[in-house]
Asker: 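Have a look at this one.
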Amino acid sequence: MAADLVLALDGATDVCSAALLRLPSPVASSPEATAGGDTRGVWQLIDESAATDGKAQARVLLHLVDDMLRAHGAVAADVGALVVGTGPGTFTGVRITVATARALALALSVPVLGVSSLAALAAEAACTTHAMSKRAGETGAEPRLPGVIVPVIDARRGQLFYGVYRRRQDAGETSWRRESGFEVCDRGRLGSVCEGLAREAGEGVVVIGDASLREGSGLPSPGGRTAATFDVEFRETAVAASRLLRGQEHLSEPGPSPSGSDLKPYLLSATTGNAAPLVPGTAGSPEGVKPIYVRPPDADMHITKMRDPWRAR
């Protein structure tokens, strides 16, 4: 078997997941390709598995990988590249998952790329939206596309991590662009943040994340509306490792590293042996994958407090 498999790992939340995928030859008739207008080939999901224990990353992550490879008659040498969720999320979960992916990449001498776990949620929303729009178009209804996608992840301490992806049209294709860094806010402020985004965009906002994050956020109940003129809809889903790859073609991410719509071409070159040699610290090298924290880790805050206990009073 050729080393054309891509292994995806995520452990930024209470759901630790792993996925095994392959990028086949272009298939224009694929539902995902048609929905996104992408005829360059779509990710074939071979297998995906998850554990819902929030402290399971160190214990089960490699077991999930091993079980998937064995189930499909593959071995580690068949993996041509890795993609790992870099957070933001639980400090320990992100650190363990990133360290595991970097170690596997070193052992297998294959490239590894980091993709934000929030981008995985945004990709889920984008794919679902494209599919809904396509079905509406087939029935003659007016397709409804949100102006903004806001993925959210629990930041603990009564806060949420979130990103803002704004819709754009380019050559007749719809995508969502993230123009600024990820942010953190108190859970109770999320509703007002999204209302402000809806007013600014003049269009609806889709918030996507774990179902538990709706409580106390100020977001509308299912089927409800906010006080804003435009809808703010909440979609319930967990971070899935496969979405670190599938659906990323609908996103535009800032920064020099391959991500969003640039991710697939890079990995296709890597798995077919056409990628440039890896240089430590550059895209594709283990050293180039960094966790995303957004705010200082709890450990750093505790250390600062111990050094100057009176500052916090």
Side-chain angles (χ1 to χ4, degrees), residues 10 12-15 17 35 50 52 54 85 87-90 116-136 141-168 174-180 182-244 246-248 250-251 294:
D10 191 272
T13 67
D14 287 342
V15 178
S17 63
T52 56
T90 64
S116 167
S117 305
L118 285 169
L121 289 171
E124 174 72 33
C127 286
T128 303
T129 296
H130 272 295
M132 293 170 62
S133 176
K134 180 175 181 292
R135 288 195 295 269
E142 183 70 24
R144 294 187 63 190
L145 296 174
V148 184
I149 293 174
V150 181
V152 292
I153 285 178
D154 191 1
R156 305 296 197 268
R157 290 194 260 141
Q159 294 185 317
L160 297 172
F161 295 123
Y162 71 95
V164 177
Y165 290 79
R166 302 179 190 275
R167 194 180 81 223
R168 57 177 295 204
T174 302
S175 63
W176 281 266
R177 177 195 291 271
R178 179 172 65 89
E179 299 173 345
S180 58
F182 297 116
E183 300 183 52
V184 61
C185 72
D186 291 338
R187 179 179 293 209
R189 287 195 61 248
L190 183 62
S192 61
V193 167
C194 292
E195 286 184 16
L197 290 170
R199 292 192 187 99
E200 179 186 342
E203 298 177 286
V205 173
V206 165
V207 185
I208 185 166
D210 187 81
S212 64
L213 303 183
R214 183 202 298 272
E215 183 178 355
S217 67
L219 292 170
S221 59
R225 298 172 66 93
T226 66
T229 305
F230 303 94
D231 289 330
V232 177
E233 174 191 353
F234 187 89
R235 296 182 187 172
E236 302 174 355
T237 190
V239 177
S242 61
R243 286 302 183 191
L244 296 170
R246 303 179 80 205
Q248 291 296 319
H250 302 312
L251 306 180
V294 179

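Values in this document were obtained by computation on a predicted structure and should not be read as measured data.
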Asker: With no hydrogens and no angle check, do the side chains of Arg243 and Ser17 hold a donor and an acceptor under 3.5 Å apart?
Answerer: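 Not at all, the side chains of Arg243 and Ser17 share no donor-acceptor pair under 3.5 Å.
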Asker: Classify the ring geometry of Trp176 against His130: parallel below 30°, tilted from 30° to 60°, perpendicular beyond 60°.
Answerer: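 It falls in the perpendicular class, over 60°.
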Asker: Just verifying a value: how many Å separate His250 NE2 and Thr128 OG1, rounded to the nearest 0.5 Å?
Answerer: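 Nearest 0.5 Å value for the NE2-OG1 distance: 9.5 Å.
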Asker: Identify the two heavy atoms, one from Gly85 and one from Leu244, that lie closest to each other, and give their separation to 0.1 Å.
Answerer: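 Distance-wise, the nearest heavy atoms are N-CD1, 3.5 Å.
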Asker: Roughly how far, to the nearest 0.5 Å, is CG of Asp186 from CZ of Arg157?
Answerer: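 Arg157 atom CZ to Asp186 atom CG measures 10.5 Å (nearest 0.5 Å).
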Asker: What's the spacing between Ser116 OG and Gln248 CD if we round to 0.5 Å?
Answerer: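 Going from the OG atom of Ser116 to the CD atom of Gln248 covers 8.5 Å.
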Asker: When rounded to the nearest 0.5 angstrom, what distance separates CG in Leu197 from CD in Glu203?
Answerer: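 It is 12.0 Å, given to the nearest 0.5 Å.
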Asker: Would you please test Phe234 and Val232 for side chain to side chain contact (heavy atoms under 4.5 Å, CB included) and show each step?
Answerer: CA-CA 7 Å; Phe234 187 89; Val232 177; over 6 Å; no
Asker: If you measure from OG on Ser180 to CZ on Arg178, what distance do you get to the nearest 0.5 Å?
Answerer: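 Answer rounded to 0.5 Å: 7.5 Å.
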Asker: Can you find a pair of side-chain heavy atoms, one from Val205 and one from Pro146, that are under 4.5 Å apart?
Answerer: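 They are not in contact (no side-chain heavy atoms under 4.5 Å apart), so the answer is no.
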Asker: Take Val15 and Val239, measure what side chain to side chain contact (heavy atoms under 4.5 Å, CB included) needs, and give me the verdict at the end.
Answerer: CA-CA 7 Å; Val15 178; Val239 177; over 6 Å; no
Asker: Restricting to non-hydrogen atoms, name the atom on Ala201 and the atom on Val148 that form the minimum distance, rounded to 0.1 Å.
Answerer: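 Looking at all heavy atoms of both residues, the shortest contact is CB-CG2, 3.9 Å.
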Asker: Supply the atom-to-atom distance Ile149 CD1 to Arg166 CZ, rounded to the nearest 0.5 angstrom.
Answerer: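 Between atom CD1 of Ile149 and atom CZ of Arg166 there are 12.5 Å.
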Asker: Is there a donor-acceptor contact under 3.5 Å from the side chain of Ser192 to the main chain of Arg189?
Answerer: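 Indeed, once roles are kept as given, a pair shorter than 3.5 Å links the two residues.
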Asker: Do Leu213 and Arg187 have side chains that approach each other closer than 4.5 Å (heavy atoms only, starting at C-beta)?
Answerer: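 Yes, close enough: below the 4.5 Å cut-off.
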Asker: Pick out which of Leu190, Ile153, Val184 makes a side chain to side chain contact (heavy atoms under 4.5 Å, CB included) with Leu160.
Answerer: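 The option that passes is Leu190.
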Asker: Between Phe182 and Pro88, what is the shortest heavy-atom contact and its length?
Answerer: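 In this case the closest contact between Phe182 and Pro88 is CD1-CD, 4.4 Å.
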Asker: So which heavy atom on Val206 is nearest to which on Ala125, and how close?
Answerer: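 The answer is CG1-CB, 4.4 Å.
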Asker: For a quick test of reading the model, state the closest non-hydrogen atom pair linking Ala241 to Asp10 and the distance between them.
Answerer: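 Closest approach of Ala241 to Asp10: CB-N, 4.2 Å.
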Asker: Would you check if the side chain of Asp210 reaches a backbone N or O of Ser212 as a donor-acceptor pair within less than 3.5 Å?
Answerer: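 Present.
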Asker: Where do Cys127 and Gly247 come nearest, in terms of heavy atoms and distance?
Answerer: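 Closest approach of Cys127 to Gly247, heavy atoms only: SG-CA, 3.3 Å.
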Asker: Is there a side chain to side chain contact (heavy atoms under 4.5 Å, CB included) between Asp154 and Thr13? Walk through the geometry before answering.
Answerer: CA-CA 7 Å; Asp154 191 1; Thr13 67; over 6 Å; no
Asker: For the side chain of Arg177 and the backbone of Arg168, is there at least one donor-acceptor N/O pair under 3.5 Å apart?
Answerer: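 No; judged by distance alone, with no hydrogens or angles, the pair does not exist.
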Asker: Within the 4.5 Å heavy-atom criterion, are Glu124 and Leu121 side-chain neighbours or not?
Answerer: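 The answer is no; the side chains never approach within 4.5 Å.
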